[in-house]
Amino acid sequence: MWNFLKRWILNSHLSTTLALLFSFNVYGLSFDSQSATNSHFNSDQKQNSFDISYDNHFLSKNTSQRSEIFDLDEWVHGLKIDFQSRYYLNFIGVDVSLGSATYINNGIAQGGNNSNGSGSNNVGVGQNQQPGTVEGTGGEQTFNYVNASYESLTGALGDEIKTCSANPTIGCQNIVNSTSQERVDYLRQPQLGNSSVNEVSAVTQAYTKMRFGSEQQPFNLRFGLQSLHLETFSTSGSYVLPSSVFGTLISTNLSGADVYYGRFNQYHQRGSSQFIQPFTSYSQEQRVKYIDVLGTQYTFENGLVGQFEMGRAGNQLKKYFAKLYYLMDVAEGISLSLDGRIGLAQGKQAYGYYDWLSPLNQFFYVQHEDYKSRYYNVTAALHTQNSKLYFGVNKTELADWGSGYFYDDQSAFNSTLALYKNYNHKNELAWVIGLDYDFSGIKLPGLNLGIHYARGKRPGEDIVLELDEKNTEQEVGGYIAYTLQSGLLEGLTLGWHFARWQGFENNEESSRFLLTYNLADF
C-alpha cells in the first residue's frame with residue numbers, strides 16, 4: 001500500500017499542486033468515545049464559513065533546575081481569522097487562516113545559584129563565565145553540544161563523567177574541551193520574543209482542497225500550508241497562533257478502512273513571522289527533505305476500532321504506531337472504554353535529543369548512532385453522562401522516546417501519559433489517574449473541571465546522563481473552565497490550567513489563564 005500510494009502521488013502531475021482534505025479528529029489526551037470513533041475524512045461542507053476569534057493567554061512558570069532558577073511571566077493576546085470555503089462545483093475549495101499575536105507584557109528572568117546559604121554563584125563545570133552569557137556580563141545563556149554518541153557516553157566517556165562528578169576540578173577538562181556551545185532557549189520554551197518587535201503576524205494556513213470520485217470511493221486532497229493532527233506527526237495547538245507544515249495530504253476509503261498519506265517538506269513555526277522554512281535534524285547539521293506519513297483506521301462490526309500509522313523523516317528517523325480502542329456499556333448510563341497503544345521508533349545518522357548532564361550541570365545534545373525506542377500505553381476509562389474517571393499506564397524502553405521528527409518539532413507524545421511532562425524517559429514506568437467532570441448535570445452548564453495525578457519511576461541503575469539521587473517524577477495538574485451560556489458575551493470562555501511537577505532534582509509550577517471569545521461567525 002505504501003509503495004502504491006507513493007508511486008501514484010509522485011508520478012502524478014497533481015502532486016505538486018494539490019493535497020487531501022483531511023480533518024481526522026485526534027485527541028491525544030482524551031479518553032472518551034469521540035477520540036477513536038469520530039473521523040471526518042469526507043466531511044461535506046455546504047457553505048462558506050468565516051470566523052474571527054480573540055484569545056488572551058497569561059502564562060506564569062517557575063522552574064528550579066538543579067542550581068539554576070528560571071522565572072517566566074508571559075501575557076499575550078491575539079486575533080485569529082479562519083475562512084473555510086465550500087466546494088465550488090462540488091469539486092474544489094480553499095481554506096485560509098491568519099492571525100496576529102502581541103505581547104501585553106513579558107518577562108524572562110534567571111536567578112543565580114541557590115544551593116548554598118551565602119548566595120554566591122557556584123558556576124557548574126562547563127559554565128565558564130564569559131561576556132555574553134547569563135553568568136557573565138549579561139545576555140544569553142549557552143549550553144554544551146556533545147559531539148560523541150550516546151554509546152560512547154556509556155563507555156570510556158561515561159567513566160570520565162563519573163570521574164568528573166567525583167572531582168570536577170581535575171576530571172572534567174577533556175569533556176569540556178570536546179564540546180562546542182549553542183544558545184539555550186530557556187528550557188526549549190517557545191517564545192514570541194524571538195521577534196524583535198515582540199509580535200507575530202502570519203498566515204498559518206493556506207491550502208487548496210479538492211475531492212473527487214464516487215460516494216463509495218471518495219478521494220480528498222489538500223495541498224499547501226496546513227495544520228495537522230495525525231498520530232505520529234502533528235502541529236502545535238498553540239493557544240494564540242498555531243504552527244503549520246507545507247505539503248500534500250490525501251485520503252480515501254478502501255473496503256471500509258479510512259486510508260491517508262501525507263508528504264511534507266517545510267514548516268512554519270508559531271513564534272516567527274517567516275512563512276516557511278526547511279526541516280532540519282535535531283543536531284541542526286543535516287536537512288530533512290521530506291516527512292512521510294501513511295496510516296489507516298478501521299472499525300470492526302463489534303465496535304472495536306483499530307488504527308495503524310507509520311512515518312519517516314528522510315533517512316534519519318522512522319516511527320510506527322498502533323492503537324486499539326473499544327467502548328462497551330456496563331450499565332444504564334455507564335460505559336467503559338479500553339485504549340491500548342504501541343509506539344516504535346528507529347533513528348540513524350546520529351539522531352538524538354537534548355538532555356541534562358548532571359555532573360556538568362549543563363544541557364547536552366546527545367547523539368545515538370543507532371537509536372531505538374518503544375513504548376506501551378494502556379488506559380481504562382469509566383464514563384457516565386457527566387464524568388470520566390480514567391487510569392493509564394505507560395512503559396518506555398531502550399531509550400528516551402523522541403516526540404518530534406525534526407528540530408523545533410512541537411508534536412505531542414502520543415500517550416495518555418503526555419501530560420504536563422511526557423513521562424517518556426528510558427525504562428520509565430509511569431501511571432496516571434484522573435477525573436473530568438461536567439457540571440451541567442447539577443444545573444451548572446458551561447462549567448468543566450479536570451484533575452490528575454501522575455507518577456513515573458526509572459530503575460535504580462547507574463544512568464550516566466542523569467546521576468540523580470531520586471529517579472522518580474510526579475505531578476498534580478488539571479483545569480477549570482467556564483463558558484458563558486447567555487447574554488451579550490455568550491460563548492466567552494475563561495479557563496485556568498495548572499500543574500505542579502517534581503522530579504530529577506527539578507521543580508516546576510505552571511499556571512495558564514485563558515480567555516477565548518468568538519467575535520464573529522458567518
Side-chain angles (χ1 to χ4, degrees), residues 1-10 15 18-30 34-43 207 209 211 213 217-223 226-235 237 244-265 267 279 288 290-300 304-314 317-326 339-346 373-377 401-406 409 411-416 418:
M1 178 60 68
W2 177 286
N3 291 331
F4 169 77
L5 286 173
K6 181 179 178 180
R7 287 196 303 269
W8 185 85
I9 292 174
L10 294 180
S15 63
L18 303 172
L20 167 66
L21 171 62
F22 173 74
S23 56
F24 174 49
N25 286 343
V26 174
Y27 304 96
L29 306 181
S30 177
Q34 302 301 317
S35 66
T37 59
N38 266 6
S39 60
H40 306 283
F41 288 100
N42 307 306
S43 58
Y207 60 84
K209 58 185 182 182
R211 64 181 182 187
Q217 192 67 56
F219 281 90
N220 293 289
L221 297 108
R222 189 165 78 182
F223 172 79
Q226 53 196 284
S227 296
L228 282 180
H229 301 286
L230 307 181
E231 298 288 354
T232 65
F233 186 40
S234 62
T235 52
S244 47
V245 294
F246 186 89
T248 302
L249 192 62
I250 179 169
S251 72
T252 187
N253 187 282
L254 298 176
S255 302
D258 291 322
V259 180
Y260 52 96
Y261 170 77
R263 166 165 281 200
F264 312 97
N265 63 353
Y267 79 107
F279 299 131
V288 176
Y290 297 102
I291 294 177
D292 296 306
V293 180
L294 172 67
T296 182
Q297 177 180 282
Y298 185 80
T299 301
F300 298 89
L304 179 67
V305 179
Q307 185 168 5
F308 176 78
E309 185 173 300
M310 58 188 299
R312 63 182 180 184
L317 181 67
K318 294 181 180 179
K319 287 187 178 182
Y320 304 89
F321 174 84
K323 175 180 175 179
L324 288 175
Y325 181 90
Y326 186 67
D339 183 320
R341 309 179 189 189
I342 298 176
L344 304 174
Q346 297 178 340
S373 181
R374 62 173 177 252
Y375 71 89
Y376 308 93
N377 180 224
W401 179 267
S403 299
Y405 280 103
F406 63 96
D409 189 355
S411 295
F413 175 40
N414 195 346
S415 165
T416 56

Interatomic spacing from [atom1] in [X] to [atom2] in [Y] - rounded to 0.5 Å:
X	Y	atom1	atom2	value
Tyr260	Asn253	OH	CG	13.5 Å
Arg263	Asn265	CZ	CG	8.5 Å
Leu294	Tyr261	CG	OH	8.0 Å
Thr232	Phe413	OG1	CZ	13.0 Å
Leu230	Ile291	CG	CD1	11.0 Å

Looking at [Y], is its backbone amide N or carbonyl O close enough to the side chain of [X] to form a donor-acceptor pair, meaning the two atoms are under 3.5 Å apart?
X	Y	answer
Asn377	Arg341	no
Glu309	Glu231	yes
Thr235	Leu228	yes
Thr296	Asp258	yes
Tyr375	Asn414	yes

Going through the checks in order, is the side chain to side chain contact (heavy atoms under 4.5 Å, CB included) test met by Val293 and Arg312?
CA-CA 7 Å; Val293 180; Arg312 63 182 180 184; over 6 Å; no
Which atom names give the shortest non-hydrogen contact between [X] and [Y], and what distance separates them?
X	Y	answer
Pro218	Thr252	O-OG1, 2.7 Å
Gln226	Ser244	O-CB, 3.3 Å
Phe300	Gly306	CE1-N, 4.3 Å

Pair Gln346, Tyr320: side-chain N/O donor-acceptor within cut-off below 3.5 Å:
no
Does the ring centre of Phe279 sit less than 6.0 Å away from the ring centre of Tyr405?
no
Candidates Phe406, Phe246, Phe233 - the one meeting side chain to side chain contact (heavy atoms under 4.5 Å, CB included) with Phe264:
Phe233
So do the side chains of Lys319 and Leu317 get within less than 4.5 Å of each other, counting heavy atoms only?
yes
pair Lys323-Ile342: side-chain heavy atoms closer than 4.5 Å
no
